[in-house]
Amino acid sequence: MAADKKTEQSYHEWEEPLFNAWKESGCFERTPGFGKNGSQTYTIVIPPPNITGMLHMGHALNDTIQDTCIRRARMQGYQTRWILGTDHAGIATQTKVDKKLAEEGTSRLEIGREAFIKACYDWRAEYGTTIVNQIMGMGCSCDYSDEKFTLSPEYAHAVRKVFCDWYHDGLIYRGKRIVNWCPSCTTAIADDEAEYVDEKGHLWYLRYPLTEPVDGIEYVVVATTRPETMLGDTGVAVNPKDERYKNLIGKTIKLPLVNREIPIFADYYVDSEFGTGCVKTTPAHDPNDYAMGQRNDLDQINIFDEHAVVVEGYGKFSGMTRDEAREAVVAEFEALGLLDHVEDHDHSVMTCYRCHTKLEPWLSEQWFVAVDRLKEKAAQVVEDGTIQFHPARWKQVYLDWLENLKDWCISRQLWWGHRIPMFYCDTCGWEDACMEDIDVCPKCGAPVRQDTDVLDTWFSSQLWPFATQGWPEAPEQLDGTYPTQVLSTARDIMGLWVARMVMSSLYFTNEIPFEHVIIHPTVMAADGKPMSKSRGNGVDPLKLMEAYGADGMRFGLLLQVTGAQDLKFNESKLESSRNFANKIRNAARFVMLNLDDYVPGDPQPATLADQWIFSRLARLVESLDKAYEGFEFGEITRELYAFFWNEFCDWYIELSKPRLNAGGQDRAICQRNLVFVLNTALRLLHPIMPFVTEQIYQELPGEKETEFLMMASWPDAEALAMYKNDEAERAIGLVTQTVSGIRSTRARYGLSPKVELNVVVKPENEQAAAVFAEQQTLIASLGKVTIDQIAQDVQKPQESSVVLSDGVEVYVLLSGLVDFEAERARLEKQCKTLEKDRMKFEKKLSNQGFLSKAAPEIIEKDRAKLADIVDTLQRLQDQLDQLG
RNA sequence: GGGCGAUUGGCGCAGCGGGAGCGCAGGUGCCUUACAAGCACAAGGUCACAGGUUCAAAUCCUGUAUCGCCCACCA
């Protein structure tokens, strides 16, 4: 039996037909809306995965969050649309295709630009759909009928317009700048795409001879981590306040090895405390040196080619790589007696985020976006809460990022991407950004050439929320569906992507791109470190779905979402979620097995049990709505789990068994109530566990509101509010306490669950007596006891154990079965615990400060608690006395 | 160097001013006609440390320690 269960299903398998049914019925396309929200739209754009991508845990979590939001919105009656698409991913794709060509024995340079781009499209056709299929596997309700792509003709048109408009508005300019150059990818890399890696290096102290000795000083010593760059030195900097070097300012140095005469100059950038206080300055190969060079009018000498190999004109150094040149330069200095000394020095080096090659600061011609005019508004809309971050503390991180933002290098020396629409006439010098390709110069008629660079991938992704919605050709499509409602993403691309979307959207649409930004925690491996191939600590969501179903994975992931920045992946949560899905299925099976004579009808809270579960349900919906407002997915899943399992299954279903068996009118009422609670719970669970809930919904008897649960309505908290019932909750509290107490007694004395026990009951007052009387059948059945007597004046029988619950004492008759020393020990332990509580509350309630300052309802509550404790203590004491 | 987060039972985490909770693991007893991927019961914590605010602190403030992340990048 158990073995059958395990082979019964690969969870994932039965999910697929349901997905196809949704898809075929058009459920994923934009919905028309209904009810009070029907006229409003709710749109999400998916962060476009790279076409090179495979579904990883980050996607799994992020897509679950979005699907949960959009599914709930759909059920709430909004006109929903979740826009799907992929990113062409410049460097990532080019790297893959390069590799493929290499395997085929050719290369990009060999086949040329046009053929290479075709190869990229071919690659996309073959592999680029993988991730979309995987997203489908998760059950995501994206609009698959209208998939977007950042390199489609329409999208390219939008990108081109952005470039041209910004260029003509003076926001895009060309400049010679130091950029982070990857000598392996042979392209510029944005600052934020570079990764720093700590490296154990050295500080070399080099002697630089003065052209003419000054006051007997023949040389200065400079400290450097990169001796090879001395070939491009065009100055030596000192701090103007540094007394040691004051009289050297303005003098010159005869640069060794290259015999270049370079000036000693003053700049406040120099820290006199570090090294020797003299800084060799290489404007073409260091960003700070570049800045100093600008201020002090130094030459810029580029010593490396695009592969970071020393260029012609440097004798034996020409043709050497960076590392070879370093070794050779140091050796030469040593030979010349100019190597002062060497120290160990740890520092960090920039590496390419794609290929991890050390980046070279390299002077080259690049295109930039001037951000000053854009960033102010982008800060404003977050500052004033027009765009909200969840959790809220990310607001400050966003603002800080904008604050420190520098001009953005957007040109990349790649082939795969949006080619920069700049056209140049070499004949007359004309140049412009053009919306349409041109062959000849509009000014002189000579042939023109187009810029060969392409745009940074983020330049196109920044348009994602509006370029996917018809901009700029059909701005009216933006009406009503723009701004979008939710943007969910990982924190690492908050600046790179989120801020840039805000900037470009405000400029081009005059609107914010989205109202809420969800920054979800980063999924770390179980060891707390980032998941990575090299560490081998990663987890594959596809395998997780095989093991736990998409439902199990989704629920299990959301259970782990908190306000923290990271989430240490915990597979056991997925296991409990899979078990939870199973529990839901089984509970539904129980309900349906008992519906053979079912007559549909309105729910009717006839008994205290009904009133209780309806009340709990009403509070659940209210509380879920509140948690959804703050996008608190951990809270949402925990509440659903607790309600369904611990209240509905553990108690309501158990309480309903005797009623169903009894037959008659109460059976009919109970059936309807079970169906009602189950149906409502399925709706609440559906956005997170779409498959199980849909499957059960399909099997439920009776008329359906909609063909699919996916399109059904979200339970209305206001309509349910009338079921809130404190009294019923208290009354069922008495039942559960009593039953648990009886079971506990049974377990304590090792009495088999099969043995029927006898009890007598002493209610404290009329009300308790009435409640108990009403519930006695249930209590008798769940506790497996026979109730001999209920009366306010019963005495505790000899040889019995007592169960204390609110307002009632239940005496379990144990004559002959039990060691009463154990019972005494138990009562004494309980007394001890309560005695501590009593003292705590007595102290609190005799504290003048508390009485005068605390809120009256708190004082009342605590008084009641104390009274309760004292009462219970007294009752326990009585039991002890009777044990003798 | 600047900023942010974490520190709660064996493990992973909730709670974030008013009597310490969940999941997993472990213990005991149950194949109770929805479910052994289950049910019942029990056990397990001076909420990192030190000060402070408050009638009241796991919860707020300050500092310390440990771990982690982001940003900057002093040659």
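A quick note: this is a predicted structure, and the numbers were derived from the prediction, not measured. Protein chains get the first letters and strands the later ones, always in sequence-line order, with residue 1 at the start of each. Heavy-atom basis, side chains included; hydrogens, waters and symmetry copies ignored.
- Rounded to whole Å, the distance from CD on A:E654 to P on B:A40 is 8 Å.
- A donor-acceptor contact closer than 3.5 angstrom is absent between the side chains of A:E575 and A:N579.
- Rounded to whole Å, the distance from CG on A:D400 to P on B:G1 is 19 Å.
- Across all their heavy atoms, A:L851 and A:R863 have their closest contact at CD2-NH2, 3.9 Å.
- Straight-line distance from the CE atom of A:M592 to the C1' atom of B:U33: 17 Å, rounded to whole Å.
- Candidate nucleotides B:G5, B:G19, B:C41 were compared by shortest atom distance to the side chain of A:R743, and B:C41 ranks first.
- Taking the C1' atoms as reference points, B:G18 lies 29 Å from B:G12, given to the whole Å.
- Comparing B:G10 with B:G51, their P atoms sit 25 Å apart, to the nearest whole Å.
- Taking side-chain N and O atoms only, A:K843 has no distance below 4.0 Å to OP1 or OP2 of B:C55.
- Nearest to the side chain of A:D650, among B:C73, B:A34, B:A40, sits B:A40.
- Side-chain atoms of A:S744 lie closest to B:C41 of the nucleotides B:C41, B:A34, B:A37.
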- Check the pair A:H390 / A:V517 against side-chain contact (heavy atoms from CB on, under 4.5 Å), numbers first and verdict last. CA-CA 6 Å; A:H390 308 273; A:V517 180; over 6 Å; no

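- When each of B:G18, B:A34, B:C24 is scored by its nearest atom to the side-chain atoms of A:S572, the top-ranked nucleotide is B:C24.
- Heavy-atom nearest nucleotides on RNA chain B were determined for A:N594 and for A:N404, and the one closer to the 5' end corresponds to A:N594.
- In terms of phosphate contacts, A:K754 brings a side-chain nitrogen or oxygen within less than 4.0 Å of OP1 or OP2 of B:C31.
- Across the protein-nucleic acid pair, A:I696 atom CD1 and B:C35 atom P stand 15 Å apart, rounded to whole Å.
- Note: CG (A:L593) to P (B:C35) measures 9 Å, nearest angstrom.
- In this structure, A:Y641 places its OH atom 5 Å from P of B:C24, rounding to the nearest Å.
- Of the candidate nucleotides B:A14, B:G18, B:C69, B:G18 has the atom nearest to the side chain of A:K844.
- With a 6.0 Å cutoff to the six-membered ring centre and a 45° limit on the axis angle, A:K657 counts as a cation-pi contact of A:F590.
- Regarding A:W401, its CH2 atom lies at a distance of 12 Å from the C1' atom of B:C71, rounded to whole Å.
- Between A:I653 and A:R393, the residue anchored closer to the 5' end of RNA chain B is A:R393, taking for each the nucleotide with the nearest heavy atom.
- B:C24 and B:G44 have their C1' atoms separated by 14 Å, with the value rounded to a whole Å.
- For B:A56, neither phosphate oxygen OP1 nor OP2 lies less than 4.0 angstrom from any side-chain nitrogen or oxygen of A:N847.
- Counting non-hydrogen atoms under 4.0 angstrom, A:R226 reaches nothing in the nucleic acid.
- Among the atoms of the strands shown, none is found under 4.0 Å from any heavy atom of A:W204.
- A tilted orientation is assigned to the rings of A:Y398 and A:F389, their planes being inclined by 30° to 60°.
- Between A:L544 and A:L557 there is no side-chain heavy-atom pair separated by less than 4.5 Å.
- Nucleic acid contact class of A:V591 (heavy atoms, under 4.0 Å, all strands): none.
- Considering only side-chain atoms of A:K573, the nucleotide from B:A34, B:G12, B:A37 that sits closest is B:G12.
- Regarding A:L640, its CG atom lies at a distance of 15 Å from the C1' atom of B:A14, rounded to whole Å.
- Within the 4.0 angstrom heavy-atom criterion, base atoms lie near A:D271.
- Classified by interplanar angle (parallel below 30°, tilted 30° to 60°, perpendicular above 60°), the ring pair A:F644/A:F580 is perpendicular.
- In this structure, A:S740 reaches the sugar-phosphate backbone alone: every heavy-atom distance under 4.0 Å involves primed, P, OP1 or OP2 atoms, never a base.
- Atom CG in A:D289 sits 11.0 Å away from atom CG in A:N296 (nearest 0.5 Å).
- Among the heavy atoms of the strands, none lies under 4.0 Å from A:S852.
- With both ends at atom C1', the span from B:A34 to B:A6 equals 42 Å, rounded to whole Å.
- As rounded to the nearest Å, B:G63 and B:G3 have P atoms that lie 11 Å from one another.
- Contact check for A:M230 versus A:T282: no side-chain heavy atoms found under the 4.5 Å cut-off.
- Electrostatic pairing of A:R638 and A:E632 does not count as a salt bridge here, judged by no charged N lying under 4.0 Å from a carboxylate O.
- B:U66 and B:G27: their P atoms are spaced 38 Å apart (whole Å).
- The residue A:I869 sits close to a base: some heavy atom pair falls under 4.0 Å.
- Taking only side-chain atoms of A:A747, from C-beta outward, the nucleotide of B:C55, B:C24, B:C41 with the closest atom is B:C41.
- When heavy atoms are screened at a 4.0 angstrom cut-off, A:K406 is found touching the sugar-phosphate backbone but no base atom.
- Contact annotation for A:R746: no contact, since no heavy-atom pair falls under 4.0 Å across all strands.
- The side chain of A:W645 places an N or O atom within less than 4.0 Å of a non-bridging phosphate oxygen (OP1 or OP2) of B:C39.
- Phosphate contact (OP1/OP2 of B:A6, side-chain N/O of A:K568, threshold under 4.0 Å): absent.
- Residue A:D267 holds its CG atom at 9.0 Å from CG of A:L298, rounded to the nearest 0.5 Å.
- Each of B:C69, B:C30, B:C24 was ranked by its minimum atom distance to the side chain of A:P753; first place goes to B:C30.
- Among the atoms of the strands shown, none is found under 4.0 Å from any heavy atom of A:F580.
- Among the heavy atoms of the strands, none lies under 4.0 Å from A:L567.
- A:C278 comes within 4.0 angstrom of no nucleic acid atom, judged by non-hydrogen atoms across all strands.
- For RNA chain B, if you chain together Watson-Crick or G-U pairs that step i with j, i+1 with j-1 and so on, the runs of at least three with distances under 3.5 Å are B:1-7 with B:65-71, B:10-13 with B:21-24, B:27-30 with B:38-41, B:48-52 with B:60-64.
- In this structure, the nucleotide among B:G5, B:A37, B:C39 sitting nearest to the side chain of A:Q565 is B:G5.
- Spacing of C1' atoms, B:U53 relative to B:A40, comes out at 46 Å, to the nearest Å.
- No donor-acceptor contact under 3.5 Å links the side chain of A:E575 to the base of B:A25.
- A:E860 comes within contact range of no nucleotide atom at all, as no heavy-atom separation falls under 4.0 Å.
- Separation of the P atoms belonging to B:C74 and B:A57 is 49 Å when rounded to the nearest angstrom.
- With rounding to the nearest 0.5 angstrom, the CD atom of A:Q560 is 8.0 Å from the OG atom of A:S577.
- When each of B:A37, B:C55, B:C24 is scored by its nearest atom to the side-chain atoms of A:F850, the top-ranked nucleotide is B:C55.
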